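In what follows, a structure is listed as structure tokens, so that the remarks can point back to it.
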Amino acid sequence: MSQNTHAPHEPLMRVVKRGETSGRLKIGVRLLAILLALVIDALFIYFVTGLNPFAVYGVMIGGTFSTTMRFSWAMRDLASLLLIGIALAPAFRMRFWNIGAEGQVLMGALATAAVMVYYGGKVPNGLLFTAMLVASILAGALWGFIPAWFKAHFGTNETLFTLMMNYVAIQIVACCVNIWRGQASGLGKLNMKSKAGWFPQIMGQRFTINLIVVAVLTILVFCYLRYSKQGYEIAVVGESENTARYAGINVGRVIIRTMILSGALCGLTGFLIVGGRDQTISTGTAGGNGFTAIIVAWLAKFNTFTMALISFLLIFLEKGAAEIASAYNLNDFASDIIAGIILFCILGSEFFVNYKVVFRSGHKEVG
């Protein structure tokens with residue numbers, strides 16, 4: 001009679017969490033994911049659309065790099081996405097799932113627009129810009145403080161709370177825009193004649209200031225999270241609130257302080273968008289970046305320099321998909337699938353960075 005040499009309940013395969021993962025392995029897995037995505041995309045392009053995959057990839061690259069203007073537009077959009085990702089990093093590091101960045105950006109943008117509408121041309125530009133900056137930061141900070149206070153005092157679910165506050169912010173913005181536009185069909189550019197509150201042009205672009213501010217904050221927030229006492233407290237609270245309390249850390253205070261910072265940075269993003277990029281406001285001012293930035297922060301593991309690379313990749317995919325649709329007269333769904341496959345493979349590679357698959361026979365490992 002044959003005898004089973006394996007444990008009766010041992011599965012054919014099992015997923016095991018890796019220990020310390022080397023930098024070389026992380027880079028290798030992600031490069032393989034990108035290569036796999038390009039192969040899958042090539043098959044999709046050839047068999048579904050009948051196009052030459054290499055030509056499509058060339059057009060996709062051209063969406064960002066074909067002209068200086070297109071590259072500058074990519075940098076403009078990168079600044080907004082990256083800054084929101086940076087804003088989410090402290091909260092996510094604390095395991096406070098702030099899904100309300102969209103609303104916090106909108107409230108910062110609304111406060112900026114309100115100062116432009118009511119004080120544009122009536123006060124000196126220096127004072128106007130200062131008021132716009134302070135108002136946007138305070139508005140975003142308030143929108144971050146509210147869910148943090150309820151979480152700290154009543155243990156509410158921050159995911160649902162911050163998500164619902166997005167819709168409140170959207171309705172407030174819609175109401176104010178309707179009031180300001182009056183009988184006009186649309187709000188249009190704010191202070192179009194006087195350009196009061198518009199950022200000055202640097203190197204031919206108004207959003208150059210946005211890039212400078214984001215570059216500085218990328219460094220500052222990295223240092224804040226990595227080297228400051230507050231950053232250490234955020235990390236401890238994120239690992240275990242009980243451990244933090246045992247160590248004498250006031251968990252509620254850390255939650256509120258961190259979410260005020262997160263909301264303030266989102267509000268600052270609204271200021272940069274209205275003053276430096278759009279010079280107007282609508283319910284679509286944040287452009288969905290409040291949700292896209294969640295991917296940025298999560299993939300980067302809260303490292304702001306890595307966030308810059310991931311943000312650029314996402315902007316590149318967005319611009320490339322739009323260019324493919326335009327160049328080949330494809331519908332948006334086909335071009336978005338091409339970009340989505342790349343993003344899906346990159347997201348999926350994180351599984352193999354953190355886990356490995358072990359088979360029963362010979363205990364072989366995959367990943």
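Computation of the quantities below employed the complete heavy-atom set of this structure, encompassing side-chain atoms and omitting hydrogens, waters and symmetry-equivalent molecules. Note that the coordinates shown come from a computational prediction; the quantities given were computed from them, not determined experimentally.
Aromatic ring pairs are classed by plane angle as parallel below 30°, tilted from 30° to 60° and perpendicular above 60°; the pair F199 and F129 is perpendicular. Ring geometry, F65 versus F316: the interplanar angle falls from 30° to 60°, so the pair is classed tilted. Ring geometry, F351 versus Y355: the interplanar angle falls under 30°, so the pair is classed parallel (tilted spans 30 to 60°).
Annotation: M192, atom CE; neighbour count of heavy atoms from other residues, nucleotides and ligands within 6.0 Å does not exceed 12. Other residues, nucleotides and ligands contribute at most 12 non-hydrogen atoms within 6.0 Å of the OH atom of Y119. More than 12 heavy atoms of other residues, nucleotides or ligands shown are found within 6.0 angstrom of CZ on R181.
At a threshold of 4.5 Å between non-hydrogen side-chain atoms, the residues L106 and T283 do not count as touching. Proximity of V353 to L25: side-chain heavy atoms (C-beta onward) are nowhere separated by under 4.5 Å. Between M107 and L142 the shortest side-chain heavy-atom distance does not fall below 4.5 Å. R277 has its side chain out of reach of R206: every pair of non-hydrogen atoms, C-beta onward, lies at least 4.5 Å apart. Taking the side chain as every heavy atom from C-beta outward, F92 and N98 approach each other to under 4.5 Å. Within the 4.5 Å cutoff, the side chain of N125 has heavy atoms near those of the L128 side chain. By the 4.5 Å heavy-atom criterion applied to side chains, M165 and E102 are not counted as neighbours. L268 has its side chain within reach of V213: a pair of non-hydrogen atoms, C-beta onward, lies under 4.5 Å apart.
In terms of modelled atom types and a separation under 3.5 Å, the side chain of S262 and the main chain of T258 share no donor-acceptor contact. Judged by distance alone, with hydrogens and angles left aside, the side-chain atoms of T243 form no donor-acceptor pair with the main-chain N or O of E239 at under 3.5 Å. Formation of a donor-acceptor pair under 3.5 Å by the Y57 side chain with backbone atoms of A42 is found in this model. With hydrogens and angles disregarded, no donor-acceptor distance shorter than 3.5 Å links the side chain of T156 to the backbone of E158. Side chain of T208 to backbone of I202: a donor-acceptor contact under 3.5 angstrom is found. No donor-acceptor pair under 3.5 Å is formed between the side chain of S66 and the backbone N or O of G63. Side-chain atoms of T285 never come within 3.5 Å of backbone atoms of I281 as a donor-acceptor pair (strictly under, hydrogens ignored). For N157 (side chain) and T159 (main-chain N/O), a donor-acceptor pair under 3.5 Å exists by modelled atom type. One N or O on the side chain of S311 and one on the backbone of M307 form a donor-acceptor pair closer than 3.5 Å. The closest donor-acceptor contact from the side chain of T292 to the backbone of N289 lies at 3.5 Å or more, if one exists at all.
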Checking salt bridge (charged side-chain N to carboxylate O under 4.0 Å, His left out) for the pair E233/R257: CA distance, chi angles, key distance, verdict? CA-CA 11 Å; E233 291 176 344; R257 181 186 68 205; 2.9 Å; yes

Verdict with reasoning, T49 to Y328, per side-chain contact (heavy atoms from CB on, under 4.5 Å): CA-CA 10 Å; T49 68; Y328 293 106; over 6 Å; no

Yes or no on side-chain contact (heavy atoms from CB on, under 4.5 Å) for F145 and F150, after CA distance, side-chain angles and deciding distance? CA-CA 9 Å; F145 166 79; F150 277 91; over 6 Å; no

For the pair V237 and R95, evaluate side-chain contact (heavy atoms from CB on, under 4.5 Å) and give the outcome as yes or no after the intermediate values. CA-CA 8 Å; V237 171; R95 298 296 189 269; over 6 Å; no

Walk me through it: do F207 and S80 pass the test side-chain contact (heavy atoms from CB on, under 4.5 Å)? CA-CA 10 Å; F207 56 80; S80 299; over 6 Å; no

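Residues E350 and R30 are paired through a salt bridge, judged by an N-O separation under 4.0 Å between the basic side chain and the carboxylate. By the 4.0 Å N-to-carboxylate-O rule, K319 lies close enough to D77 to be salt-bridged with it. Taking a cutoff of 4.0 Å between a charged side-chain nitrogen and a carboxylate oxygen, R70 and E323 qualify as a salt bridge.
Linking Ile, Leu, Val, Met, Phe, Trp and Tyr residues whenever their side-chain heavy atoms come within less than 4.5 Å leaves I61 and L35 in two separate clusters. Placement of L32 and I310 in two distinct hydrophobic clusters is found when ILVMFWY residues are connected by side-chain heavy-atom separations under 4.5 Å, directly or transitively. Neither F333 nor M60 shares a network with the other; the hydrophobic side chains, linked directly or stepwise wherever heavy atoms of I, L, V, M, F, W or Y lie under 4.5 Å apart, form separate groups for each. With hydrophobic clusters built from ILVMFWY side chains whose heavy atoms lie under 4.5 angstrom apart, F222 does not share a cluster with F312. Under a hydrophobic clustering in which Ile, Leu, Val, Met, Phe, Trp and Tyr are joined whenever their side-chain heavy atoms come within less than 4.5 Å, directly or via other members, I341 and L43 fall into different clusters.
Rounding to the nearest 0.5 Å gives a distance of 11.0 Å between CG of L265 and CD1 of I84. Rounding to the nearest 0.5 angstrom, the gap separating the CG atom in L343 from the CD atom in E318 is 11.5 Å. Here CG of N191 is found 4.0 Å from OG of S194. Values are rounded to the nearest 0.5 Å. The CD1 atom of I342 sits 7.5 Å away from the CG atom of L313 when rounded to the nearest 0.5 Å. Atoms OH and OH, on Y232 and Y224 in that order, are 14.5 Å from each other to the nearest 0.5 Å. For the atom pair OG1 (T64) and CE (M75), the distance works out to 7.5 Å, reported to the nearest 0.5 Å.
Screening I40, L38, V39 against C345 for a side chain to side chain contact (heavy atoms under 4.5 Å, CB included) leaves a single residue, I40.
With hydrogens and angles left out, the side-chain atoms of N166 and Q104 include no donor and acceptor closer than 3.5 Å.
Of all heavy-atom pairs between N210 and I273, the closest is ND2-N, 4.4 Å. Considering every non-hydrogen atom in both V251 and R245, the closest pair reads CG2-CG, 3.6 Å. Counting all heavy atoms, side chain and backbone alike, T162 lies closest to I99 at OG1-N, 3.1 Å. Heavy-atom minimum distance, A293 versus L81: N-CD1, 3.7 Å. Of all non-hydrogen atoms in L190 and A113, the two that sit nearest each other are CD1-CB, 3.8 Å. Among all heavy-atom pairs drawn from M116 and A196, the shortest one is CE-O, 3.6 Å.
In this structure, K151 fails the cation-pi test against W149, since its NZ or CZ atom is not both closer than 6.0 Å to the six-membered ring centre and inside 45 degrees of the ring normal.
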